[in-house]
Every structure is written in C-alpha cells, then in structure tokens.
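In what follows, a structure is listed as structure tokens, so that the remarks can point back to it.
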Protein chains: 2
Amino acid sequence: MTDAKPRQTKQRAAIVDALGRGGFRSAQDWHDVLRHDGAAIGLATVYRALQALAESGDVDAVVTDSGETLYRLCEAGEVHHHHLRCRACGAAEDVDIPTFEAWATSVAAQHGYSRIEHTVELTGVCHQCATEGA
Amino acid sequence: MTDAKPRQTKQRAAIVDALGRGGFRSAQDWHDVLRHDGAAIGLATVYRALQALAESGDVDAVVTDSGETLYRLCEAGEVHHHHLRCRACGAAEDVDIPTFEAWATSVAAQHGYSRIEHTVELTGVCHQCATEGA
DNA sequence: ATGTATAGTGATAATCGTTGTCAAATAGAG
DNA sequence: CTCTATTTGACAACGATTATCACTATACAT
Ligand SMILES: [Mn+2]
Ligand SMILES: [Mn+2]
Ligand SMILES: [Zn+2]
Ligand SMILES: [Zn+2]
C-alpha cells in the first residue's frame with residue numbers, strides 16, 4: 001500500500017537542494033534555476049520530482065489563477081496550514097486560520113455536503129516588492 | 001473608461017438562457033449544453049461571453065485544481081461571497097465567511113503585505129450525489 | 001566487486017484547455 | 001435601407017503538463 005521509497009538520485013538531490021533557497025516557483029522556473037546552477041536535468045524529471053514531493057507533503061503546491069502550479073519546500077511539517085504569498089517574488093509565509101476548519105465543516109453539514117475539502121490562499125505584495133516595484 | 005455596452009446577439013441570449021439552469025460548468029460543458037439545445041454557436045464565442053460576464057460580475061468563475069475554469073450564473077448580486085460546490089454535479093451554494101475578510105487584512109498587515117487578494121472555495125459532495133454515487 | 005532486475009531519466013511527441021486570427025455575418029445607429 | 005464597427009466561428013496557435021520509450025544508473029543479490 002505505502003509505495004516503495006523512491007531511489008536516491010543526483011537529480012532529486014539537486015532539486016531538493018534548489019528548493020532550499022525558498023519561495024514558490026513553477027516547475028519550469030525551478031528547472032531554470034537548476035540549469036542556471038549548472039545541473040544537467042530534464043524538465044520532465046523536475047515535474048515528476050515536485051509532484052512526488054508534494055504528494056508526500058514535503059513541498060506545498062498552489063495553483064495560480066492562470067492555472068500554473070507553484071511549488072515550494074515547506075517547513076511547517078505535516079500540519080495543515082495555508083499561505084500568504086507575494087505575487088511578485090514568490091516569497092510566502094505560513095499562516096493558519098484559527099476557526100476556519102470548524103466553520104467549514106459546520107457550513108457544509110448545514111447544506112448536506114460531505115467529503116469537504118477547502119482551498120484558502122492569500123496573495124499580496126510583500127514589503128520589499130512594494131518598495132521596489134512600480 | 002466604462003466599456004461601451006455590448007451588443008445584443010442571439011448567441012449571448014442563448015448563453016445567458018442556458019446559464020439559467022444553474023450549476024458550475026466549464027466553458028466546454030456550457031457549449032455542449034447549448035449545442036444539445038440545438039443552438040448553433042461557436043466554442044470561442046462561449047469562452048468570450050463567459051469571460052465578459054464574469055468580468056462584469058454577472059457570473060461567478062472558479063478554477064479547479066486541474067486548472068479548468070468553471071462558470072455559473074450568480075444570484076448574489078455584486079456582494080463579495082464564496083461558494084460551497086459539489087464536485088460531482090456542479091451544484092453550489094453561496095456562502096459568506098463572517099470574520100474572514102477582516103482576519104485576512106489583519107494577517108497581511110502583520111506580515112507587511114499589501115494589495116491583498118484571497119481565494120476561498122469549499123467543495124464537497126452534495127446530498128443527492130452522495131446518495132446516488134458509489 | 002560484478003551482474004542483474006528494475007526504477008529513474010530525458011528528449012520528444014502528444015494532450016487539452018484556452019486564446020489568437022481573420023474573413024464573413026450582423027446589430028443597430030442614422 | 002445603408003453603412004460600419006462589432007461580433008462571430010472555423011481553425012490555427014499557444015503553453016503548461018503528461019505520456020512515450022529507449023537508455024541509464026541505483027540498489028540489491030551473488
Ligand atoms: Mn507551507
Ligand atoms: Mn455566487
Ligand atoms: Zn515579494
Ligand atoms: Zn452533487
């Protein structure tokens with residue numbers, strides 16, 4: 001049932017290493033970062049690794065309004081949480097919403113809905129980007 | 001500034017009419033509905049109309065995890081609100097989250113973020129779909 | 001250490017929702 | 001009705017993601 005642990009490859013090491021510098025980036029952006037660092041790695045491999053890491057909970061994934069998926073290494077362990085992300089630079093803070101989970105369950109029940117899932121994402125412009133940008 | 005009012009065409013009338021039956025559907029699904037009703041209408045026209053209606057606030061648009069955009073005619077006027085949507089059939093309830101907006105602004109300010117936007121969507125399985133489906 | 005089975009890689013093609021193009025159709029003002 | 005700017009729609013193009021599949025390289029057994 002629990003899938004066999006993945007093999008250790010230099011590509012995956014390089015990806016995790018790159019993720020270490022933080023920030024939400026698309027798979028293609030992470031691939032650019034890796035190539036820029038001199039790593040020889042295929043785009044498909046980056047996609048697969050990021051998806052696997054997201055599934056295992058080691059990275060967070062968010063979908064932008066334009067449909068792109070952004071990934072970042074998450075330090076907040078396996079606890080459920082949400083993000084406040086800068087639309088300009090990819091920086092993000094982990095946040096949690098005290099009463100939201102309880103509220104969601106209650107509202108869903110009132111309407112007869114089950115198997116509830118929720119999406120809560122905050123975006124804005126961080127202080128640094130607000131100072132620099134137009 | 002305010003764009004000139006769009007012309008009245010049979011295509012747009014047909015689209016608004018179809019939307020009248022409710023539910024969140026993708027542009028392609030709405031197109032299928034229209035064709036099924038015997039309307040001769042192009043897919044590109046459906047995309048354009050739905051986007052225009054979404055921009056003017058007459059329809060709600062949500063983006064699924066897979067990146068598809070779903071549209072539905074919204075009865076909740078121009079007041080800001082969110083949705084509890086059935087993943088199986090497209091049914092949806094308008095909901096509002098009492099203290100969320102204030103909380104979001106406050107958290108953003110604490111982290112030095114400005115120009116805040118937020119996404120809150122609830123999904124589940126409605127009572128009817130839960131009864132019928134597996 | 002060496003061989004082997006097997007999971008991982010990556011260049012490339014395919015997918016699919018969406019957007020762009022542009023000639024033909026038409027709403028609506030005069 | 002006439003005229004013209006807007007709208008339409010068949011079709012091509014786009015862009016992020018996923019599938020292919022021949023080729024490696026890892027982990028394990030010998
Ligand atoms: Mn996180
Ligand atoms: Mn609504
Ligand atoms: Zn920033
Ligand atoms: Zn349902």
Side-chain angles (χ1 to χ4, degrees), chain A residues 1-19 24-56 58-72 87 90, chain B residues 1-19 24-56 58-72 85 87 90 121:
Chain A
M1 23 174 45
T2 52
D3 296 334
K5 27 209 122 168
R7 285 183 180 173
Q8 165 64 13
T9 68
K10 27 181 80 59
Q11 286 88 347
R12 279 167 199 173
I15 289 168
V16 172
D17 184 60
L19 285 167
F24 272 101
R25 296 264 142 54
S26 70
Q28 308 212 90
D29 283 352
W30 284 120
H31 182 243
D32 289 344
V33 168
L34 286 157
R35 299 297 277 259
H36 207 267
D37 287 357
I41 188 170
L43 178 58
T45 299
V46 175
Y47 270 104
R48 283 185 294 239
L50 289 173
Q51 283 162 182
L53 288 165
E55 208 142 333
S56 74
D58 293 318
V59 313
D60 294 315
V62 303
V63 179
T64 68
D65 287 339
S66 74
E68 255 191 327
T69 303
L70 308 181
Y71 303 90
R72 93 154 186 176
R87 288 188 295 274
Chain B
M1 12 180 50
T2 51
D3 295 334
K5 357 107 207 228
R7 285 183 178 173
Q8 166 65 12
T9 67
K10 29 180 78 58
Q11 287 86 349
R12 279 170 198 170
I15 289 168
V16 171
D17 183 60
L19 285 166
F24 273 101
R25 297 262 144 51
S26 69
Q28 308 209 91
D29 283 352
W30 284 120
H31 182 243
D32 288 345
V33 168
L34 286 157
R35 300 296 277 259
H36 208 266
D37 285 357
I41 188 170
L43 178 57
T45 300
V46 175
Y47 270 104
R48 283 184 294 239
L50 290 172
Q51 283 162 180
L53 289 165
E55 209 140 333
S56 73
D58 293 318
V59 314
D60 294 315
V62 303
V63 180
T64 68
D65 288 340
S66 73
E68 254 190 329
T69 303
L70 308 180
Y71 303 89
R72 95 153 184 175
R85 178 173 56 84
R87 288 189 295 273
E121 292 296 338

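Residue numbering restarts at 1 for every chain, and letters A, B, ... go by the order of the sequence lines. Bear in mind the structure is a predicted one, so any value in this text is a computation, not a measurement.
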Could you pull out all residues at least two apart from B:Y71 that satisfy ring pair (Phe, Tyr, Trp, His ring centres under 6.0 Å)? none
By side-chain hydrogen bond (donor to acceptor under 3.5 Å, both in side chains), A:T64 pairs with (sequence neighbours left out) A:S66
Heavy-atom protein contacts under 4.0 Å, nucleotides 15-23 of chain C, coded B base, S sugar-phosphate only, - none: --SBB-B--
Which whole-number value in Å describes the distance from B:I41 CD1 to C:dT26 P? 14 Å
Single hit among A:V59, A:T9, A:V33, A:V46 for side-chain contact (heavy atoms from CB on, under 4.5 Å) with A:I15: A:V46
So for the helix from C:dA1-D:dT30 to C:dG30-D:dC1, with five pairs setting each end axis, what is the inter-axis angle to 10°? 30°
So, taking the atom named CG in B:D60 and the one named CZ in B:R85, what distance separates them when rounded to the nearest 0.5 Å? 11.5 Å
Heavy atoms under 4.0 Å, any strand shown: does A:A40 hit a base, just sugar-phosphate, or nothing? sugar-phosphate
With sequence neighbours excluded, tell me which residues meet salt bridge (charged side-chain N to carboxylate O under 4.0 Å, His left out) with B:R12. none
A:R72: salt bridge (charged side-chain N to carboxylate O under 4.0 Å, His left out) partners, not counting sequence neighbours: A:E75, A:D94
Partners meeting side-chain hydrogen bond (donor to acceptor under 3.5 Å, both in side chains) with A:D58 (sequence neighbours left out): A:S56
A:L34 and A:A14: which non-hydrogen atoms are nearest, and at how many Å? CD2-O, 3.4 Å
Answer whether the closest heavy-atom distance between the side chains of B:L19 and B:L50 falls below 4.5 Å. yes
If a pair satisfies ring-ring contact (aromatic ring centres under 6.0 Å, His included) and one of its residues is in residues 24-54 of chain B, list it, with sequence neighbours excluded. B:F24-B:H83
Listed partners of A:D32 passing salt bridge (charged side-chain N to carboxylate O under 4.0 Å, His left out), at least two apart: none
What is the separation between atom CZ on A:R7 and atom C1' on C:dG8, rounded to the nearest whole Å? 7 Å
Qualifying salt bridge (Lys or Arg N to Asp or Glu O under 4.0 Å) pairs with a residue from residues 36-51 of chain A, counting only residues at least two apart or across chains: A:R21-A:D37
Residues of residues 9-16 of chain B with any non-hydrogen atom less than 4.0 angstrom from an atom of DNA chain D: list those, numerically ordered, please. B:T9, B:Q11, B:R12
Taking heavy atoms of chain B and a 4.0 Å limit, find me the 5'-most and 3'-most nucleotide of DNA chain D within that range. D:dA5 to D:dA10
Spacing of CZ belonging to A:R35 relative to CG belonging to A:L43, to within rounding of 0.5 Å: 9.0 Å
